[in-house]
Each structure stands twice: as structure tokens, then as C-alpha cells.
Amino acid sequence: MGSPLRVCEYSTANENKRSSGMPEITISMAAGRTNEQKVAMMRDITQALVKNLGVDAEAVVIQINEAPLIHKMKGGQSFVERFAKK
């Protein structure tokens, strides 16, 4: 299951200071992961942004958009069809 990741960062005028800009992360993925998995992933992404972009964790916004497997397709086959072959 591929999970494309779109990152939109809104930075402040002074990039040398710790940014108070709000990085906003939208994750699109097929449904099926547990809430615990999704929360752990969002925490890891938050920490990566804190470390690599120098933003405060409080400024990070993450949203997950999930699609039912029947609503996602790759290579002309729905994910339901793809997983049925395994």
C-alpha cells in the first residue's frame, strides 16, 4: 500500500530563527491500519519536522485521509482485487 505524502510548510520571514510557521502534513493512504499505528506514525513525523525543520512540535499539523480499499486503485486494479490475489 503506497502512501503518498504531501508537505506544505508555511514559513516565517526570518528563516534563521526557530520557525513559528505551521508545517501542515497531509497523508493519503488506504484504510486498514490501527489507530495506534497512525498515532505512532504522526508522532514520528512530528519529531522529524522538529529535528529537521527546527519547528516547535505545537506548530505541526498532521491529517490522515483514508480511502476504503475499494476506492483506491493501482495498475488498473482496486486494492481489494490486488490483495485478493495474495
Side-chain angles (χ1 to χ4, degrees):
M1 281 185 266
S3 296
L5 179 68
R6 187 186 86 206
V7 179
C8 300
E9 180 182 0
Y10 304 97
S11 61
T12 59
N14 186 351
E15 294 180 12
N16 294 328
K17 294 173 68 176
R18 191 168 183 90
S19 175
S20 62
M22 180 178 63
E24 185 171 328
I25 309 301
T26 302
I27 301 165
S28 299
M29 63 187 200
R33 289 156 179 108
T34 66
N35 286 334
E36 291 80 14
Q37 289 173 313
K38 290 181 275 189
V39 167
M41 176 187 65
M42 289 187 288
R43 283 192 180 122
D44 288 347
I45 292 169
T46 298
Q47 289 308 307
L49 293 172
V50 168
K51 176 183 173 187
N52 295 295
L53 299 182
V55 297
D56 292 321
E58 286 293 317
V60 176
V61 176
I62 300 173
Q63 176 178 318
I64 297 174
N65 295 327
E66 291 184 283
L69 296 180
I70 195 67
H71 294 172
K72 282 189 81 78
M73 184 173 280
K74 183 177 179 181
Q77 293 182 315
S78 74
F79 276 57
V80 169
E81 295 166 323
R82 294 174 71 85
F83 292 130
K85 290 183 177 181
K86 290 185 177 183

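In this chain, residues are counted from 1 in sequence order.
- In plain terms, the two heavy atoms of K72 and M29 that are nearest each other are CD-C, 4.0 Å.
- The list of salt bridge (Lys or Arg N to Asp or Glu O under 4.0 Å) pairs with a residue in residues 43-53, not counting sequence neighbours, is empty.
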Applying side-chain contact (heavy atoms from CB on, under 4.5 Å) to I45 and I27, what does each step give before you reach the verdict? CA-CA 11 Å; I45 292 169; I27 301 165; 3.5 Å; yes
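- Atom CD1 in I25 sits 8.5 Å away from atom OG1 in T46 (nearest 0.5 Å).
- With respect to the salt-bridge test (charged N to carboxylate O, under 4.0 angstrom), the residues E66 and R33 do not qualify.
- Annotation for L69 and A30: closest pair CD2-CB, 3.5 Å, computed over non-hydrogen atoms.
- Interatomic distance, CZ of F79 versus CE of M73, reported as 10.0 Å (0.5 Å rounding).
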Between Q77 and K85, is the side-chain contact (heavy atoms from CB on, under 4.5 Å) condition met? List the steps. CA-CA 11 Å; Q77 293 182 315; K85 290 183 177 181; 2.4 Å; yes
Please tabulate, for the side chains in residues 57-65, all donor-acceptor contacts under 3.5 angstrom to protein atoms that are two or more places apart in sequence or on a different chain.
{"residue": "Q63", "atom": "NE2", "partner": "N65", "partner atom": "OD1", "Å": "2.8"}

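- Rounding to the nearest 0.5 Å places CE of M22 at 12.5 Å from CG of L49.
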